[in-house]
**Student:** 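Sharing a structure with you now.
Naming convention: chains lettered A, B, ... in sequence-line order (proteins, then strands); numbering from 1 in each chain.
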Amino acid sequence: MSGKVNIAVIVGATATGKSALSVAVAQRIKNAEIVTADSAQIYRGMNIGTAKPTLNEMGGVPHHMIDVADIVETDFSVAKYKQLASSVINDIASRGKIPIVAGGTGLYINSITYPLSFQNIPPNIELREKFGAIEERNKGALHELLTHIDPERAALLHPNDIKRVIRALEIYYQSEIKPSSMDSDFVNDRGDETEFEPIIVGLTMPRVELYARINERVDKMMEAGLLDEVKGLLKAGYNSDSPAFSALGYRQLISYIEGSIDLKQAVEDIKLKTRRFAKRQETWFKRDKRISWLKADSSGIGDSLLNETCDIFSERGLFTLK
RNA sequence: AGGGGCAUGAUGUAAUGGUAACAUAGCGGUCUCCAAAACCGUUUUUGAGGGUUCGAGUCCUUCUGCCCCUG
């Protein structure tokens with residue numbers, strides 16, 4: 001076997017029970033720690049809406065990559081995630097424990113399971129605004145510009161995909177690096193070395209069941225006081241258009257608090273957007289052929305699911321069950 | 001019971017007698033730095049029957065269903 005650090009990875013759409021399963025696995029194998037791959041749970045103070053595990057739900061298993069950013073941080077990014085998570089994983093392994101990476105943010109998962117290299121080119125707000133103004137005056141102008149600078153990258157991007165077009169230009173104008181030159185295809189990766197050796201389990205659930213669970217979970221979040229949490233954060237002085245607040249639940253309740261929609265509408269919108277998010281997560285993970293899929297049950301983490309999961313991890317040499 | 005109105009996809013609406021449209025939902029997809037973001041694509045429709053007409057969602061008629069008014 002290679003000298004690489006083996007990691008267990010648990011992915012799946014929101015509300016399929018990834019967190020519960022990862023804790024159950026960690027408890028079963030005793031010497032594991034969990035590394036969350038979730039772009040909303042990184043923020044301190046956003047708890048109910050991000051379904052952040054409670055102390056009780058953590059079941060005594062150490063969790064990492066939760067509460068690692070403040071809501072005022074506007075420059076948290078995959079690059080940062082990869083950097084922080086990688087060192088956490090190495091640390092866990094160096095202490096002789098098994099890292100279990102669990103989460104639903106596909107890009108974050110890929111950042112540590114594929115050889116993605118992120119250049120250190122931070123967002124440049126001024127430049128972005130300038131580009132935004134150009135596009136507003138002349139729709140399609142930026143994509144046109146990118147075609148001259150980096151035709152390869154431009155060909156991959158739809159002219160309306162303005163966020164990525166701007167990012168590509170931003171990379172070029174700040175570093176002279178052509179964005180296409182740093183691309184590496186996730187699916188047919190070029191054989192570059194990854195830092196870790198992932199063994200990935202994915203949880204699925206029939207759509208109707210998943211949607212029902214999502215709707216139910218949103219209602220529970222409201223009962224648990226999500227609205228008060230959001231109000232509290234705003235009262236604490238956080239800017240309502242912080243990137244962190246683009247997270248599901250927060251954005252919609254802020255719209256309600258600011259008076260643009262009523263509460264019932266806001267809750268319905270959260271459910272709708274969460275359902276669509278879950279669909280996109282499935283699309284994302286579907287194409288990852290490394291994943292071993294297991295059926296999740298809405299009644300909770302059963303013994304058979306736990307056994308199957310542990311079997312997959314141990315068959316691939318991650319650990320030996322005693 | 002009498003009078004009037006309405007009936008178009010899953011939902012809400014549009015269409016001087018001339019190729020049935022739009023939005024929403026649903027479904028599929030993209031993805032290298034805000035990713036719980038952003039973006040792209042797409043299935044389904046004229047309540048039932050008869051008539052007028054070269055041609056009917058549209059006009060006439062019967063039926064069915066829903067709504068309103070009168071009693």
**Student:** Describe the nucleic acid contact of Asp75(A) in one word from base, sugar-phosphate, nothing, applying a heavy-atom distance below 4.0 Å.
**Tutor:** nothing
**Student:** Would you sort out whether Asp38(A) and Lys52(A) count as a salt bridge (charged side-chain N to carboxylate O under 4.0 Å, His left out), showing the intermediate values?
**Tutor:** CA-CA 9 Å; Asp38(A) 187 301; Lys52(A) 203 175 279 178; over 6 Å; no
**Student:** If you look at every strand shown and take non-hydrogen atoms under 4.0 Å, does Phe76(A) touch a base, only sugar-phosphate, or nothing?
**Tutor:** sugar-phosphate
**Student:** Do you know the tightest heavy-atom contact between Gly103(A) and Ile109(A)?
**Tutor:** O-CD1, 4.0 Å
**Student:** Counting only Watson-Crick pairs (N1-N3 plus N6-O4 or O6-N4) and G-U wobbles (N1-O2, O6-N3), all under 3.5 Å, who is the partner of rG65(B)?
**Tutor:** rC6(B)
**Student:** Measuring only the C1' atom in each nucleotide, how far is rA15(B) from rU45(B)? A whole number of Å is fine.
**Tutor:** 13 Å
**Student:** When all nucleic acid strands are considered with a 4.0 Å heavy-atom cut-off, which category describes Gly49(A): base, sugar-phosphate, or nothing?
**Tutor:** base
**Student:** Could you work out the separation of rG5(B) and rG9(B) based on their C1' atoms and round it to a whole Å?
**Tutor:** 24 Å
**Student:** Any base atoms under 4.0 Å from Arg128(A), or only sugar-phosphate, or nothing? Heavy atoms, all strands.
**Tutor:** base
**Student:** In whole angstrom, give me the gap between the P atoms of rU53(B) and rC60(B).
**Tutor:** 16 Å
**Student:** Could you give the distance separating rG28(B) and rU13(B) at their C1' atoms, to the nearest angstrom?
**Tutor:** 26 Å
**Student:** Give a yes/no answer on whether the side chain of Thr283(A) brings an N or O atom under 4.0 Å of OP1 or OP2 in rG29(B).
**Tutor:** yes
**Student:** Could Lys80(A) and Glu73(A) be called an ion pair, given the rule that one side-chain N must be under 4.0 Å from one carboxylate O?
**Tutor:** yes
**Student:** For rA37(B) and Arg167(A) - does any side-chain N or O of the residue sit under 4.0 Å from the phosphate oxygens OP1/OP2?
**Tutor:** no
**Student:** Name the closest nucleotide to the Lys286(A) side chain, picking from rC34(B), rG28(B), rG29(B).
**Tutor:** rG29(B)
**Student:** Between rC40(B), rA35(B), rG26(B), which nucleotide gets closest to the side-chain atoms of His158(A)?
**Tutor:** rC40(B)
**Student:** So do Phe245(A) and Arg251(A) actually touch side chain to side chain, heavy atoms under 4.5 Å?
**Tutor:** no
**Student:** Return the 5'-most residue of the pair Arg207(A), Asp38(A) with respect to RNA chain B, ranking by each residue's nearest nucleotide.
**Tutor:** Arg207(A)
**Student:** To the nearest Å, how far apart are Gln265(A) CD and rU24(B) C1'?
**Tutor:** 13 Å
**Student:** Between Tyr211(A) and rA25(B), is there a side-chain N or O to OP1/OP2 distance below 4.0 Å?
**Tutor:** no
**Student:** Between rU19(B) and rU58(B), how many Å separate the two C1' atoms, rounded to a whole number?
**Tutor:** 16 Å
**Student:** Taking pairing as Watson-Crick or G-U wobble with both contacts under 3.5 Å, can you name the mate of rA14(B), or confirm there isn't one?
**Tutor:** none
**Student:** Hey, does Thr274(A) reach any base, or is it just sugar-phosphate, or nothing, if we go heavy atoms under 4.0 Å?
**Tutor:** nothing
**Student:** Find out whether Asp219(A) and Val267(A) are in side-chain contact, i.e. whether some heavy atom of one side chain is under 4.5 Å from a heavy atom of the other.
**Tutor:** yes
**Student:** Paired with rU19(B) by Watson-Crick or G-U wobble geometry, both distances under 3.5 Å: which nucleotide is it?
**Tutor:** none
**Student:** Rounded to whole angstrom units, what separation is found between the CD1 atom of Ile166(A) and the P atom of rA35(B)?
**Tutor:** 16 Å
**Student:** With the side chain counted from C-beta on, respond yes when Val230(A) and Ile257(A) share a heavy-atom pair under 4.5 Å apart, and no when they do not.
**Tutor:** yes
**Student:** Does rC59(B) have a Watson-Crick or wobble mate here (both distances under 3.5 Å), and if so which one?
**Tutor:** rG51(B)
**Student:** Rounded to the nearest angstrom, tell me the gap between atom CG in Leu107(A) and atom C1' in rU30(B).
**Tutor:** 13 Å
**Student:** For atom C1', what is the distance between rA56(B) and rG18(B), given to the nearest Å?
**Tutor:** 10 Å
**Student:** State whether the distance check finds a donor on one side and an acceptor on the other, under 3.5 Å, for side chain Arg164(A) versus base rA37(B).
**Tutor:** yes
**Student:** Between rU32(B), rA25(B), rC27(B), spot the one nearest the side chain of Leu116(A), thanks.
**Tutor:** rU32(B)
**Student:** Where each residue is assigned the nucleotide of RNA chain B containing its nearest heavy atom, which of Val78(A) and Arg275(A) is assigned the position nearer the 5′ end?
**Tutor:** Arg275(A)
**Student:** At under 4.0 Å between heavy atoms, what does Lys279(A) touch on the DNA or RNA strands: base, sugar-phosphate, or nothing?
**Tutor:** base
**Student:** Can you tell me how far C1' in rU46(B) sits from the matching atom in rU30(B), rounded to whole Å?
**Tutor:** 36 Å
**Student:** In whole angstrom, give the distance that lies between atom CD1 of Ile42(A) and atom C1' of rA35(B).
**Tutor:** 11 Å
**Student:** Whole Å only: how far is the CD atom of Glu135(A) from the C1' atom of rA38(B)?
**Tutor:** 14 Å
**Student:** Decide side-chain hydrogen bond (donor to acceptor under 3.5 Å, both in side chains) for Asn138(A) and Glu144(A); before the verdict, give the C-alpha distance in whole Å, the side-chain angles of both, and the deciding distance to 0.1 Å.
**Tutor:** CA-CA 10 Å; Asn138(A) 185 359; Glu144(A) 181 72 26; over 6 Å; no
**Student:** What is the pairing partner of rU70(B), taking Watson-Crick or G-U wobble pairs with both distances under 3.5 Å in any strand?
**Tutor:** rA1(B)
**Student:** Expressed in whole Å, how much space separates the P atoms belonging to rC40(B) and rG50(B)?
**Tutor:** 46 Å
**Student:** Figure out the NZ/C1' separation between Lys163(A) and rU30(B), and round it to whole Å.
**Tutor:** 14 Å
**Student:** Quick one: which of rA25(B), rA35(B), rA38(B) gets closest to the side chain of Thr105(A)?
**Tutor:** rA35(B)
**Student:** Check whether any side-chain N or O of Tyr108(A) sits under 4.0 Å from OP1 or OP2 of rA35(B), and answer yes or no.
**Tutor:** yes
**Student:** Does NZ or CZ of Arg167(A) fall inside the cone over Phe131(A)'s six-membered ring, less than 6.0 Å from its centre and within 45° of the axis?
**Tutor:** no
**Student:** Hunt down the Watson-Crick or G-U wobble partner of rU42(B), both distances under 3.5 Å, from any strand shown, or write none.
**Tutor:** rG26(B)
**Student:** Nearest-Å distance, CZ (Arg276(A)) to C1' (rG28(B))?
**Tutor:** 14 Å
**Student:** Can you tell me the distance, in whole Å, between the CD atom of Glu268(A) and the P atom of rU11(B)?
**Tutor:** 17 Å
**Student:** On the nucleotide rA38(B), are OP1 or OP2 found under 4.0 Å from the side-chain N or O atoms that Arg251(A) carries?
**Tutor:** yes
**Student:** Return no unless some side-chain N or O of Asn160(A) is found under 4.0 Å from OP1 or OP2 of rC40(B).
**Tutor:** yes
**Student:** Closer than 4.0 Å, any side-chain N/O of Arg153(A) to the OP1 or OP2 of rU32(B)?
**Tutor:** yes
**Student:** Classify the nucleic acid contact of Leu272(A) as base, sugar-phosphate or nothing, counting any heavy atom under 4.0 Å across all strands shown.
**Tutor:** sugar-phosphate
**Student:** Between Arg280(A) and rA35(B), does any side-chain N or O lie under 4.0 Å from OP1 or OP2?
**Tutor:** no
**Student:** What nucleotide, of rC27(B), rC34(B), rC39(B), holds the atom closest to the side chain of Asp161(A)?
**Tutor:** rC39(B)
**Student:** Just one of Glu129(A), Gln174(A), Glu170(A), Lys130(A) clears the side-chain hydrogen bond (donor to acceptor under 3.5 Å, both in side chains) bar with Asn124(A), so which one?
**Tutor:** Gln174(A)
